[in-house]
Amino acid sequence: MNFTITGSLGNISKPLAEILIAAGHQVTIISSSADKIKAIEELGATAAIGSVEDVAFLTEAFSGKDAIYTMVPPNFGASNIREFISGTGKKYAEAIKASGVKQVVNLSSIGAHLDGGTGPISGLHDVEQIYAELDGVAIKHLRPAFFYINFYGNIDMIKHAGILGSNYSAETPLVLVHPIDIAAVAAEELQQVFTGKSIRYIASDESTAGNVASVLGKAIGKPELPWVEFNDEDALQGMLQAGLPEVMAKSYVEMGDATRSGRLYEHYFNNKPSSFGKIKLEDFAAEFAKAF
C-alpha cells in the first residue's frame, strides 16, 4: 500500500513510518524541514517538504494514496491555539477533498468530545467536526490519553523543588499512553479497511497522579517524591517561569482544570478500549530514569 503521513519524524510519526516500511509499504513523510530529508530517506521513506498550511502542497502529497495519517503539529508561537489547530484541520480537509483520498487516520485526543474548556484539545474537537463534513471519506479519529513523555517537562521541577505536581490532586485519575503504542494503533488502522466516521481511544495504562509520582520517584531513587496540587494561578506562574508562552501556559492550566473536574476523561471511561498498549507505567519509569 501507499501512505502519506504527517508529523515529520516526531514521537509518533517516526515509529509509525518504521512499522509501515517494515511491512513492505510505500511511505511518504511530510516535514516542514529540508534538514530532515536525509533521515527520512534513511528510514526508507520519501520526503515531502512543505507547509501543512499549503493546500496545494498537501493535495499533491495526499494524491494517489491508499490512506493518510494526519496530525496537527505543535505551534508554541500561535496567538490563538484553538484557531491554529482548527485552521490546520481545515487545510487538511481541503486537501483531502481535492486529492480524492478515501481513508484517513487522524490523531485527535482524549477529551475531544468536549467543545471547549480543554485547552489545546478544543482545537482537535474542531478538527473532528470539520472532518465530519467530508462526504465519502472514511475517517478514524484516534483519541490517545495523556502522553507519558509529557512528564519529561517536569524534570526541572523534580530536580529543583523535589516535587511533581499540577493543578489537580494526587487522587485524580490519569489515563496514560506511550507514543509507540499510538503508532502501533495508527499502523493497524491504516492497513485495514474501515468505513464511516468513528473514534478509537488509545491507552497504555491507568493510574492516579499520586501513583505516577510514586512510580517515577522510585525509578529515579526518590521513592518519597510527592505529588503536589497547585492552584491555577500558581500553576500558571510556574509554567511562565519555566519559559512557556503565556497563551500556551493558560491553555495547559485549562486542560488541567478539565482533568481535575473529571470532564476530560468522562467519555473515555464510558467507551474504554478493549485492550491496552504494551508499555505500562513501570516500563516508562525506566525510560524516565535514563532521561533524568
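- Between L20 atom CG and L190 atom CG the span is 6.0 Å, to the nearest 0.5 Å.
- Residue pairs satisfying the salt bridge (Lys or Arg N to Asp or Glu O under 4.0 Å) criterion with at least one member in residues 68-96, sequence neighbours excluded, are listed as follows: R82-D115, R82-D126.
- Within the 4.5 Å cutoff, the side chain of N211 has heavy atoms near those of the L281 side chain.
- Other residues, nucleotides and ligands contribute more than 12 heavy atoms inside 6.0 Å of the NZ atom of K280.
- Going from atom NE2 of H141 over to atom OG of S108 covers 6.5 Å, rounded to the nearest 0.5 Å.
- In this structure, L107 and L124 approach most closely via the heavy-atom pair O-CD2, 4.1 Å.
- Between P120 and I85, some side-chain heavy-atom pair lies under the 4.5 Å cut-off.
- The ring pair (Phe, Tyr, Trp, His ring centres under 6.0 Å) check on F3 picks up H25, with sequence neighbours excluded.
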Next item on the list: Apply the test side-chain contact (heavy atoms from CB on, under 4.5 Å) to residues L174 and Y265: give CA-CA distance (whole Å), side-chain angles for both, the deciding distance (0.1 Å), then the verdict.
Entry: CA-CA 8 Å; L174 293 181; Y265 294 150; 3.9 Å; yes
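- Within the 4.5 Å cutoff, the side chain of V212 has heavy atoms near those of the L176 side chain.
- When every heavy atom of A285 is checked against every heavy atom of V215, the shortest pair comes out as CB-CG1, 3.8 Å.
- Residue pairs meeting the ring pair (Phe, Tyr, Trp, His ring centres under 6.0 Å) criterion with at least one partner in residues 185-214, sequence neighbours excluded, are Y201-H267, Y201-Y268.
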For residues 69-79, run the donor-acceptor check on the side chains, cut-off 3.5 Å, and write out each pair with its distance to 0.1 Å, sequence neighbours left out.
| unit_1 | atom_1 | unit_2 | atom_2 | d |
| --- | --- | --- | --- | --- |
| T70 | OG1 | N106 | OD1 | 2.8 |
| T70 | OG1 | Y131 | OH | 3.0 |
| N75 | OD1 | G77 | N | 3.1 |
| N75 | OD1 | A78 | N | 3.3 |

Next item on the list: List the steps, then state whether side-chain contact (heavy atoms from CB on, under 4.5 Å) holds for H178 with D283.
Entry: CA-CA 10 Å; H178 198 287; D283 301 321; over 6 Å; no
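- Identified under the salt bridge (Lys or Arg N to Asp or Glu O under 4.0 Å) test for residues 229-244, with sequence neighbours left out: D232-R260.
- Here the CD1 atom belonging to I220 is positioned 15.5 Å from the NZ atom belonging to K290, to the nearest 0.5 angstrom.
- Annotation: ring pair (Phe, Tyr, Trp, His ring centres under 6.0 Å) contacts involving residues 143-164, sequence neighbours excluded, comprise F146-F151, Y148-F284, Y152-F284, Y152-F288.
- Proximity of a side-chain donor or acceptor of T59 to a complementary backbone N or O of V55 within less than 3.5 Å is detected.
- Side-chain heavy-atom separations under 4.5 angstrom define the hydrophobic clusters, and the remaining members of the one that includes I49 are I37.
- The stretch residues 204-227 participates, sequence neighbours left out, in these ring pair (Phe, Tyr, Trp, His ring centres under 6.0 Å) pairs: Y168-W227.
- Pairing each heavy atom of M255 with each of T118, the nearest pair is CB-O, 3.7 Å.
- No salt bridge links K250 with E254; every basic N to acidic carboxylate O contact stays at or beyond 4.0 Å.
- Atoms CD and CD, from Q191 and E189 in turn, are 10.5 Å apart once rounded to the nearest 0.5 Å.
- V228 belongs to a hydrophobic cluster whose remaining members, ordered by chain and number, are M157, I163, F230; membership requires side-chain heavy atoms of ILVMFWY residues under 4.5 Å apart, directly or through intermediates.
- Contact record, A249 with L236: CB-CD1, 3.7 Å, taken as the closest heavy-atom pair.
- Between F57 and I30 the shortest side-chain heavy-atom distance falls below 4.5 Å.
- Using a 4.5 Å heavy-atom cutoff, the side chains of I29 and L43 are in contact.
- For the pair I199/H113, no side-chain contact is recorded, criterion being any heavy-atom separation below 4.5 Å from C-beta on.
- V105 and L142 make their closest contact through CG1-CD1, 3.6 Å (heavy atoms, listed as atom of the first residue, atom of the second, distance).
- A distance-only check finds no donor-acceptor pair linking the side chain of T4 to the backbone of I68 [under 3.5 Å].
- Under the salt bridge (charged side-chain N to carboxylate O under 4.0 Å, His left out) criterion, E128 pairs with R143, sequence neighbours left out.
- One N or O on the side chain of K159 and one on the backbone of F292 form a donor-acceptor pair closer than 3.5 Å.
- Scored by the side-chain contact (heavy atoms from CB on, under 4.5 Å) test, E188 finds Q192, R200 as partners (sequence neighbours excluded).
- A heavy-atom distance below 4.5 Å is found between the side chains of V104 and V137.
- The closest donor-acceptor contact from the side chain of N2 to the backbone of D66 lies at 3.5 Å or more, if one exists at all.
- Separation of atoms CG (L16) and CD1 (I180) is listed at 12.0 Å; rounding is to 0.5 Å.
- Checking side-chain atoms of N154 against main-chain N and O of L164 turns up no donor-acceptor pair under 3.5 Å.
- Looking only at side-chain heavy atoms (C-beta outward), N80 and F84 stay at 4.5 Å or farther from each other.
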Item checked: Verdict with supporting geometry, K97 and L134, side-chain contact (heavy atoms from CB on, under 4.5 Å) -> CA-CA 7 Å; K97 189 183 298 184; L134 290 169; 4.1 Å; yes
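- In terms of heavy-atom proximity, N11 sits nearest to I149 at ND2-CD1, 3.3 Å.
- In this structure, the side chain of S33 engages the main chain of D35 through a donor-acceptor pair within 3.5 Å.
- The NZ atom of K65 lies 8.0 Å from the CD atom of Q26; values are rounded to the nearest 0.5 Å.
- The salt bridge (Lys or Arg N to Asp or Glu O under 4.0 Å) analysis of residues 205-226, with sequence neighbours excluded, yields the pairs E206-K272.
- Environment of NZ in K14: sparse, with no more than 12 heavy atoms of neighbouring residues, nucleotides or ligands closer than 6.0 Å.
- A donor-acceptor pair is defined here as one N or O able to donate and one able to accept, closer than 3.5 Å; such a pair exists between the side chain of N270 and the backbone of E266.
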